[in-house]
Amino acid sequence: MPQRELLLFLLLCIAITVPPGFSYTDPDDVAVLNSLKKQWKNVPSDWKNSDPCGVSGKGSWVGIICHDSRVTNLTLFNMDIQGTLSAEIGNLKQLQRLDLSSNLKLGGTLPVTLANLIHLDSLKLVNCTFSGEIPDALGNLPNLTFLALNANNFTGRIPPSLGKLSKLTWLDLADNQLSGPLPVSVNDGWGLDQLLKAEHFHLNRNRFTGKIFEEIFTANMSLRHILLDRNQLEGSIPDSIGLVHTLEVIRLDINGLTGKVPLLSNLTKLYFLNLANNHLTGPLPNLTALTALNFLNLSNNQFDPSEAPTWLSNLQHLRTLAIESGQLRGQIPQELFSFKELQEVNLKNNSLNGTFDMGNDVTSSLHKVNLELNNITSVTLSSNYSNNLMLMGNPVCSIPHLSTTAYCNDPFDQSSAIGSLNITDCSHPFTGFLVFRAPFFSDASDHIEELKQNLTGRLKTCRTPNNLSIQNYYFDGNSYLWVQIKICPDGQSYFNQTVIINCFDLNSQDYKPPDLYGPYYFTASPYHISSTARRYIIGIALGCAVLAALLALLAVYAVRQKKRAQREKLRNDPFASWGSMGEESGEAPKLRGAKAFTFDELKMYTNNFREINIIGSGGYGKVYRGMLPDKQLVAIKRSKEGSMQGDLEFKTEIELLSRVHHNNLVGLVGFCFEKGERMLVYEYICNKTLRDSLSGASGIQLNWSRRLKIARDSATGLAYLHDHANPPIIHRDVKSTNILLDENLTAKVSDFGLSLFVSNSEIGHVTNHVKGTMGYLDPEYYMTQQLTGKSDVYSFGVVMLELITAQPPIKDKKYIVREVKIAFNRQDKPYLGLKDLIDPLLTSKNESLVGLDRFVDLALRCVEEEASNRPMMSEIVKEIEDIMHNGGLNIVNSGLGSWEKIIPAQYYSMDVSSSSSQQNINSSDFKYSGGFPLQWKLNSS
Ligand SMILES: *[C@@H]1O[C@H](CO)[C@@H](O)[C@H](O)[C@H]1NC(C)=O
Ligand SMILES: *[C@@H]1O[C@H](CO)[C@@H](O)[C@H](O)[C@H]1NC(C)=O
Ligand SMILES: *[C@@H]1O[C@H](CO)[C@@H](O)[C@H](O)[C@H]1NC(C)=O
Ligand SMILES: *[C@@H]1O[C@H](CO)[C@@H](O)[C@H](O)[C@H]1NC(C)=O
Ligand SMILES: *[C@@H]1O[C@H](CO)[C@@H](O)[C@H](O)[C@H]1NC(C)=O
């Protein structure tokens, strides 16, 4: 007995202290991994020292899974790997899965040796930069079921040999530059027709040409999705497509297809059919049997003229119907509009005539009806439909009529803008796009919540707690739905690489979105921060500490001397490096009052740009809170490299802000232009944006009198820009997120990045690229590109409507301006019609909404279609003050909670009169203390 125990103990000791040369992993596999590691930049930082497979075989290296000492799975999704895939990969003999997706800088040609990986089950190289031809040899992988090479730069034909992949279920070659005809076995020996197990042919967005051969489809196939849109295919659609009764999605749009549409009556599972933008002829296809159809688009072909088809009434599950330019005549069938799931009808540019009557049973999900360019002579409006109806170019529009003219001139459809869902914030979110290539709907807002729930459920299975939000979603011009997701780590600051590889790789298709979302792929944005990377850096830092200390001692003196000289130079000429930054930057800015900070100074004031000091972020970069040596709080806007704000805009903003000083405009304290950094230092405004207050995000509740004052304040700031700045300034991006509230809830207009000076000679007409924000854009400016101060007035009118309704300008596809106009026009007593739109917070309080009617009236004048009918900014200020005056309201700038009714006093009109006295600001208006300009305060005099 004792001997046995001793032996066991000895064995255990050996197991624990394995000699360094001993490996659990097959030496051949170790050699391959080491060679990949040498050729690739950014392999996971733990690819070193220990054994790749590890004792457990679960893989001690990130991304490696082994079985019996052999590497079976190699997954390096979204690791920012850079380099090429070398022929040695062919020596990982037992590999079953190779997934290198979302490594944008991994490219080159595919090695033929991939064909040696005979056990390979799935090969995923989505969204890298591989190029050249797809090797023929891939056809020799007998067990391959999943092949995704989409979003690369492959050229040449699809190798016919792929037809040998008899187990293949997923074939995705979309978004490449593949060309030639699709291979079929009768012509090429092998072909796609042999892939009887394949459920997905995703071949869209390539350069395929020629005819789709009749032989490519057979009744024995299992195809669910055929995506061939955006190619250059010709000839007619093969009749054989009608045999594949498993089909759910067909996209053949945007090709050069001709001839008659074949009989599709056996495709009873078809949800999605898009044949738009081809040259199809003959009668409109008869789709009576396709009762499952959710999405149908037959637009822009050359079908024979016909009545609106009677089979439409069979397609009770339609969500989207589009037959644009389809030569339809006669009446539009009324029953269409009562289909329960219907969202969008587009029958633009046909010859539909007579009276258009949707009936009174219109489904509530319907959000858009486009009947432009038809022969409709009269319209019976439905009492329960108030969404988009486009009638421009119909005879009914030539007769001015109160109820219909509202629908006659609205080519500017702001309601198709993007949406988002409960955005959460964190410093290191994982983000990416789910791209749905054929969703069975056209209004995502009805379905996005379901997707979010579903995806949240999936992410719950990750080992790390996390928090999903939908940052953005929109349809692009190809009817693809892009959903940008953002995943925040809960309770820690970033995700480690294991989580990203094991849980966020949605390209594996093991995540199933709700059915009506259809086929998708996923593309992630590079994720740089990782714990292992940090540890690595700290390790190096320690190792080098001694050496560094020595060098540092030597260097300190020299650097100090140099810095002193540089700082001196920078102070004298902060824009010494201007012009070396690119051609567009023009002359260095002319400054008055703003201080040039060095990078090191701002780094110190923000505690090394610590995450905790981030108070906002966006496309431009991040905003940090900082404290100057004199304890003044500032907000520092740090532009991201390559952000939209170019040198020119940066310069514009500095010049503007350093010239403009007004109590209702956010003041510029200084800037930094050094080491490729561009930062603006503003006074710190503590109560966030007006939108944050209206949405409840900032915790501040605004009653009616506060809202009136905020309107007055911001209008005053804008009036100052228009009338008293010299030269005048047009803001160009007035919106509720650009109106900040200070500690007294005084409104201050911010963000002049898009502003334009207007020199005196060009007052009223500045032609420029249209810029601004959806929902606030002046339609006249949008169409004519003629920018005037009245464009700011339009945007301000939208802000006024926001103050009344607390809703963002575009919500659930509804555009606030249209909503208010319709409510206003509908009722005999217009203000009653508004009741449902007013922010419930306002009506819940016992406050009387003094002057609400005049306020609405004013807002509606601001959003008049024609700029000439809108008031001037200064008139708006007067009118709001008058409203306040008549209501006996006055509001003192004395902090939260002191909103009293006081006797109107001369105090009242002060803002306007005294702001005009600020017209000629000279340097004596600035007091300097310790080098920092104090803001010129209205009430300091
Ligand atoms: C490894 O790859 C195989 C083949 O694709 C797959 O079935 C298996 O789930 C993968 N294992 C892990 C842990 O990802
Ligand atoms: C292919 O898969 C089958 C079943 O999954 C398995 O029995 C066979 O060994 C595999 N062949 C190769 C070459 O890996
Ligand atoms: C893709 O390939 C084409 C031609 O082969 C080349 O012109 C283009 O620059 C490549 N694009 C990328 C992103 O590599
Ligand atoms: C539909 O299917 C039936 C039975 O599977 C078959 O006989 C018929 O030919 C098919 N029709 C078309 C148009 O493909
Ligand atoms: C590939 O990834 C990049 C970076 O995330 C993204 O911008 C691009 O749209 C992706 N390409 C496709 C075709 O999805």
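As the structure lists them, so they are numbered: ligands from 1, and atoms in each ligand from 1. Fair warning: this is a prediction, and the values are worked out from it, not measured in the lab. Residue indices begin at 1 and follow the sequence shown.
A heavy-atom separation below 4.0 Å is found between T523 and ligand 5. Contact between K167 and ligand 2 is present, with at least one heavy atom of the residue lying under 4.0 Å from the ligand.
Atom 8 (C) of ligand 1 has as its closest protein heavy atom N73 ND2, 3.8 Å. Protein heavy atom closest to atom 5 (O) of ligand 5, with residue, atom name and distance, is A524 O, 3.4 Å. With respect to atom 9 (O) of ligand 2, the closest heavy atom belonging to the protein is N143 ND2, 4.8 Å.
In this structure, atom 14 (O) of ligand 2 has protein heavy atoms in its sub-4.0 angstrom surroundings. The nearest protein heavy atom to atom 11 (N) of ligand 2 is closer than 4.0 Å.
Outside the 6.0 Å centre-distance limit, the rings of F440 and Y517 are not counted as a close aromatic pair. Checked against the 6.0 Å centroid criterion, the rings of Y527 and Y494 do not qualify as a close aromatic pair.
Applying the 4.0 Å criterion to heavy atoms of Y521 picks out, from ligand 5, the atoms 12 (C), 13 (C), 14 (O). If you number the atoms of ligand 5 from 1 as listed, the ones under 4.0 Å from a heavy atom of A151 come out as 13 (C). Applying the 4.0 Å criterion to heavy atoms of H119 picks out, from ligand 2, the atoms 12 (C), 13 (C), 14 (O). Shown in contact with I118 at under 4.0 Å from a heavy atom are these atoms of ligand 2, numbered in order with element: 13 (C). Within the listing of ligand 1, atoms 12 (C), 13 (C), 14 (O) sit less than 4.0 angstrom from a heavy atom of I65.
Under the 3.5 Å distance criterion, with hydrogens and angles disregarded, no donor-acceptor pair is assigned to the side chains of Y511 and D505. For the residue pair N153/T129, the side-chain donor-acceptor check at 3.5 Å is not satisfied. For the residue pair S161/D136, the side-chain donor-acceptor check at 3.5 Å is satisfied. Side chain to side chain, N176 and N152 fail the donor-acceptor criterion of an N or O pair below 3.5 Å.
Taking only non-hydrogen atoms, the option from L104, T431, N127 nearest to atom 1 (C) of ligand 5 is N127. Proximity annotation for atom 4 (C) of ligand 1: of L120, D121, L144, D121 comes nearest, heavy atoms only.
Classified by interplanar angle (parallel below 30°, tilted 30° to 60°, perpendicular above 60°), the ring pair F504/F430 is tilted. Ring-plane geometry between F146 and W170 is classed as parallel, the angle between the planes falling under 30 degrees on a 0 to 90 degree scale with a further cut at 60.
Although no hydrogens or angles enter the test, the distance criterion places no donor-acceptor pair under 3.5 Å between the side chain of N150 and the main chain of A174.
On a distance-only criterion, R97 and ligand 1 share at least one N/O pair closer than 3.5 Å.
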Checking Y521 against F433 for the ring-ring contact (aromatic ring centres under 6.0 Å, His included) test, could you report, in this order, the C-alpha distance in whole Å, the side-chain angles of both residues, the deciding distance, and whether it holds? CA-CA 8 Å; Y521 72 95; F433 281 100; 9.8 Å; no
